[in-house]
Amino acid sequence: MTDEHHSTEDELIAQRRDHLQRLRDGGIAYPNDFSPDSLAAELHHQFDNSDKDELLAKQLRVKLAGRMMSRRIMGKASFADLQDRSGRIQLFVKKDELSEQGYDTFKEFDLGDIIAAEGYLFITKTGELSIHVESLRLLTKSLRPLPEKFHGLTDQETRYRQRYLDLLTNEDTRRVFMIRTRVINFIRAFLNQHGFTEVETPMMHPVPGGATARPFKTHHNALDMELFLRIAPELYLKRLLVGGMDRVFEINRSFRNEGLSTRHNPEFTMLEFYQAYANYHHLMDLTETMLRSLVMELFNSTTLSSQGETYELSRPFRRMTVVESILQFNPGVTEAELRELNSARALAEKLKIHVEPKYGLGKVQIEIFEKTVESRLIQPTFITAYPTEVSPLARCNDVDPSVTDRFEFFIGGREIANGFSELNDPDDQAARFHKQADEKAAGDQEAMHYDADYITALEYGMPPAAGEGIGIDRLVMLLTDSPTIRDVILFPHMRLKE
RNA sequence: GGGCCGUUAGCUCAGCCGGUAGAGCAUCUGACUUUUAAUCAGGUGGUCGCGUGUUCGAACCACGCACGGCCCA
């Protein structure tokens, strides 16, 4: 025993290092020769409701490994909780049934140590499935004290900076990331079932494209060329349509060099999928089916609760145009007023919405839409007919070419998806790129570059198609009831500390 | 970029009108062979985010900075 009487962090670590030194002295301190044969949660699932005597009579022997998260020593017997990747199970350790040295060694374990336990299953007199331990080993010493057992780790900053501590101590955090994985697995399986092929396209682009956003820049030394981290995979996926891959999708990171917020992380995960011989109506239908069955798969229900709202996904999702939605949420505004540049501009000013002199009608309408409608689209809603001016990659509507065959999907006041019938007319696309390039020259840093290589691809012929992007992080926020994007990204970006 | 809030023991948090710091858990010592936020008794543990200022005296007041949170653009 040590005769330390201090407990600053350094002293707590020193005590644990003493224990580690004794392990080193005794042989291999970091063994790797133990194979568990059971998981805590599976044992609970299988045996929680067993008959006490029958279970004991079976003498079911199990081997588990995990962290010792808490311990209750009562003289010559003790309980401890072992946490593995599935959950927790209680260990019962009796001095009688371990060698003398074994029990003393157990008492020298520290909370957070990674241990191996072997023994037989039984049910305590309070009715809890536990392991009657016959042999116990320390696999990895934990040198630093874990956060407190009851409250866990609540400090937001530490939860993000040291996510491993958050995962170790907060079950809800583990739940969120398990759901995230299930969401992605489901979507992948769903698209595979619908004949889509998963592909990987470049993360480093010579010309950043596919979205209006500022990119991160990097440099390739051997080629001595400037490259951009992609802001979207769109233009490469559409090149694959030209190449005859009629249904493709990609789930991966995109990067945007913009501010951080509860909805923005500089790197984020997008699903993009493209289907030839389909239009935006088909994709709205597909999206609706996919989201409904996703929620059903996760929660066995079509009702979803998140951030104080309840969403009903069993009914057909609402569909309305940008202009219709503005009219609905701004009583008193007339359609004629919205359809003419000067009156729309005057309306924006009346609503205290900033519009630049260079904005056209479409851009003014979208500003009004974003400020007065978006946050109020609570129940699942598709908004359609986005102005051509703000949709440089979307196909124009046949009847009204001032708008495109495009939709965005909103739920909980947040945009989750954006899709459209693809613009496959190379001349129209070239003209739209020129317009974007002019805006960039005029100082709009988010405007698109002219992508000549992409135009060349379109000139070979891209089949009529529709494509869509879904923000996976925002979708997972919704599905896990998380208020910020940082709660659904394992290692969110933080400023350097010190 | 602007506004508001926060930063105190390893963790979770108190700390009044400015008088030099407290609890619970963890840790240490002792008791305890079915506990489960175990219990009981007794201890240890602090550069109060950093810096400057005001003051006889600052965790507390003022200013600046850092990091975080929320809201707004």
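Protein chains get the first letters and strands the later ones, always in sequence-line order, with residue 1 at the start of each.
Annotation: side-chain contact (heavy atoms from CB on, under 4.5 Å) contacts of T384(A) (sequence neighbours excluded): Y280(A), M284(A), T321(A), F407(A). Residues passing the side-chain contact (heavy atoms from CB on, under 4.5 Å) test with E234(A) are K238(A), E272(A), Y274(A), L393(A), F420(A), E422(A), sequence neighbours excluded.
For the pair L165(A) CG and U12(B) P, the interatomic distance rounds to 10 Å; values are reported in whole Å. One atom, NZ of K371(A), and another, C1' of C72(B), lie 12 Å apart when rounded to the nearest Å. Following rounding to the nearest Å, K94(A) (NZ) and C32(B) (C1') show an atom-to-atom distance of 15 Å. Distance, Q15(A) CD to A26(B) C1': 10 Å, rounded to whole Å. In this structure, R17(A) places its CZ atom 15 Å from C1' of G10(B), rounding to the nearest Å. The CZ-P distance, from F109(A) to A26(B), rounds to 19 Å in whole Å. Summarising the geometry, the separation between CZ on F122(A) and P on U33(B) is reported as 16 Å, rounded to the nearest angstrom. Here A38(B) presents its P atom at 14 Å from CG of L91(A), a figure rounded to the nearest Å.
With hydrogens and angles disregarded, no donor-acceptor distance shorter than 3.5 Å links the side chain of D113(A) to the backbone of K141(A). The backbone N or O of T124(A) sits nowhere less than 3.5 Å from a side-chain atom of S130(A) that would complete a donor-acceptor pair.
Base orientation for U20(B): syn, the chi torsion being within 90° of 0. In this structure, C17(B) shows a glycosidic angle within 90 degrees of zero, which is the syn conformation.
G259(A) comes within 4.0 angstrom of nothing in the nucleic acid, heavy atoms only. Using a 4.0 Å heavy-atom criterion, one finds that E9(A) contacts the sugar-phosphate atoms exclusively. Across all strands shown, D155(A) has heavy atoms under 4.0 Å from sugar-phosphate atoms exclusively, and none from any base.
Counting atom types as modelled, E128(A) pairs no side-chain N or O with a base atom of U35(B) as donor and acceptor under 3.5 Å.
Distances shown here put a side-chain N or O of T154(A) below 4.0 Å from the OP1 or OP2 atom of U12(B).
In this structure, the nucleotide among G10(B), U35(B), C11(B) sitting nearest to the side chain of L153(A) is C11(B). Checked against U27(B), U34(B), G10(B), the side chain of L111(A) finds its nearest nucleotide in U27(B).
Between F382(A) and F409(A), the angle of the ring planes lies from 30° to 60°, which puts this pair in the tilted group.
Sequence neighbours left out, the pairs with a member in residues 48-73 of chain A that pass salt bridge (charged side-chain N to carboxylate O under 4.0 Å, His left out) are R61(A)-E134(A), R72(A)-D81(A). Within the structure, every pair that satisfies the ring-ring contact (aromatic ring centres under 6.0 Å, His included) test and touches residues 121-156 of chain A, not counting sequence neighbours, is listed here: F92(A)-F122(A), F92(A)-H132(A), Y120(A)-H132(A), F122(A)-H132(A). Within the structure, the salt bridge (charged side-chain N to carboxylate O under 4.0 Å, His left out) test picks out the following pairs touching residues 354-370 of chain A (sequence neighbours left out): K363(A)-E367(A), E367(A)-K371(A). Among residue pairs with one or both ends in residues 253-271 of chain A, those qualifying as salt bridge (charged side-chain N to carboxylate O under 4.0 Å, His left out) are R253(A)-E267(A); sequence neighbours excluded. The salt bridge (charged side-chain N to carboxylate O under 4.0 Å, His left out) contacts involving residues 332-352 of chain A comprise E335(A)-R339(A), where partners must be two or more places apart or lie in separate chains. Within the structure, ring-ring contact (aromatic ring centres under 6.0 Å, His included) pairs that include any residue of residues 42-66 of chain A do not occur (at least two apart or interchain).
In RNA chain B, runs of at least 3 stacked Watson-Crick or G-U pairs (N1-N3 plus N6-O4 or O6-N4, or N1-O2 plus O6-N3, all under 3.5 Å) give these stems: B:1-7 with B:66-72, B:10-13 with B:22-25, B:27-31 with B:39-43, B:49-53 with B:61-65.
G15(B) and G49(B) have their P atoms separated by 15 Å, given to the nearest Å. For G69(B) and U8(B), the P atoms lie 15 Å apart once the distance is rounded to whole Å. Rounded to a whole angstrom, the distance from the C1' atom of G45(B) to that of U55(B) is 31 Å.
For an aromatic pair to be called close, the ring centres must be under 6.0 Å apart, and F299(A) with Y311(A) fails this.
Residues S375(A) and I378(A) share a closest heavy-atom pair of O-CD1, 3.6 Å.
Side-chain atoms of Q21(A) and D25(A) include a donor-acceptor pair closer than 3.5 Å.
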Below 3.5 Å is the cut-off: list the nitrogen or oxygen pairs between protein and nucleotides 68-70 of chain B, distance only.
unit_1: G68(B); atom_1: OP1; unit_2: R495(A); atom_2: N; d: 2.9
unit_1: G68(B); atom_1: OP2; unit_2: R495(A); atom_2: NE; d: 3.1
unit_1: G68(B); atom_1: O4'; unit_2: E157(A); atom_2: OE1; d: 3.0
unit_1: G69(B); atom_1: OP1; unit_2: R486(A); atom_2: NH1; d: 2.4
unit_1: G69(B); atom_1: OP2; unit_2: R486(A); atom_2: NH1; d: 3.1

So which protein N/O to nucleotides 23-25 of chain B N/O distances come out below 3.5 Å?
unit_1: C25(B); atom_1: O3'; unit_2: K149(A); atom_2: NZ; d: 3.4

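Of the two residues near RNA chain B, D96(A) and L146(A), the one whose nearest nucleotide lies more 5' is L146(A). Annotation: of the two residues near RNA chain B, H354(A) and D10(A), the 5′-most nearest-nucleotide partner is D10(A).
Around the CG atom of D37(A), the shell of radius 6.0 Å holds more than 12 heavy atoms that belong to other residues, nucleotides or ligands.
For residues 72-89 of chain A, proximity to RNA chain B is found at R72(A), I73(A), M74(A), G75(A), K76(A), A77(A), F79(A), defined as any non-hydrogen atom under 4.0 angstrom from a strand atom.
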